[in-house]
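This report refers to the structure that appears directly beneath it.
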Amino acid sequence: MNNNTMRQNQLMAQQNLANQTNLISTGFCNTNSNIERAIQQWVQNTCQIMTNCTQNTQKILDALCDQETQRLRTELAEARVIAQNNAQTSELLSKLQPVAIPSYIVSSPYTSIYPPATTTTAGA
């Protein structure tokens with residue numbers, strides 16, 4: 001996209017130079033050649049400034065893109081380490097703590113089928 005912008009800026013500067021040169025040569029034949037050269041130099045300088053701005057913008061965008069890419073790589077590496085640690089932890093837990101898994105769910109023998117009674121405290 002930036003290359004298109006730079007190319008478009010160059011084409012505009014060249015067209016502007018052609019238009020100004022055409023006006024100078026047809027409408028002002030007796031104009032001093034120093035003025036023509038100054039105008040041409042101005043157009044070339046303007047084109048060079050726009051080209052430099054485009055290149056600097058591209059460098060900034062490239063630097064930002066590199067930073068974002070590096071940040072994403074770091075996050076991915078961290079996520080992989082965490083996932084690997086979680087896998088190792090669950091594997092170790094499954095091997096170190098063998099727990100009987102009931103074939104069907106039963107209620108705890110330590111709970112009552114009746115709801116607990118609410119009691120009031122003496123101070124309240």
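One-based numbering along the sequence shown.
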Ile49 side, atom CD1; Thr54 side, atom OG1 - distance, nearest 0.5 Å: 11.5 Å
- prompt: Mind checking what makes salt bridge (Lys or Arg N to Asp or Glu O under 4.0 Å) contact with Arg71, not counting sequence neighbours?
  reply: Glu68, Glu75
With sequence neighbours excluded, residues passing side-chain hydrogen bond (donor to acceptor under 3.5 Å, both in side chains) with Gln48: Asn52
- request: Please go through Met50's hydrophobic cluster and name the other residues, only I, L, V, M, F, W, Y counting, with side-chain heavy atoms under 4.5 Å joining them.
  value: none
- request: Applying side-chain hydrogen bond (donor to acceptor under 3.5 Å, both in side chains), name anything that partners Gln41, two or more places apart in sequence or on another chain.
  value: Asn45
statement: For residues 78-93, the side chain to side chain donor-acceptor pair (under 3.5 Å) pairs (sequence neighbours left out) are Glu91-Lys95
field: Pairing residues for Thr69 by the side-chain contact (heavy atoms from CB on, under 4.5 Å) criterion, not counting sequence neighbours
entry: Cys65, Arg73
task: Quick one: list whatever passes side-chain contact (heavy atoms from CB on, under 4.5 Å) with Ile60, sequence neighbours left out.
output: Leu64
message: Listing request: all salt bridge (Lys or Arg N to Asp or Glu O under 4.0 Å) pairs with a residue in residues 49-67, at least two apart in sequence or in separate chains.
response: none
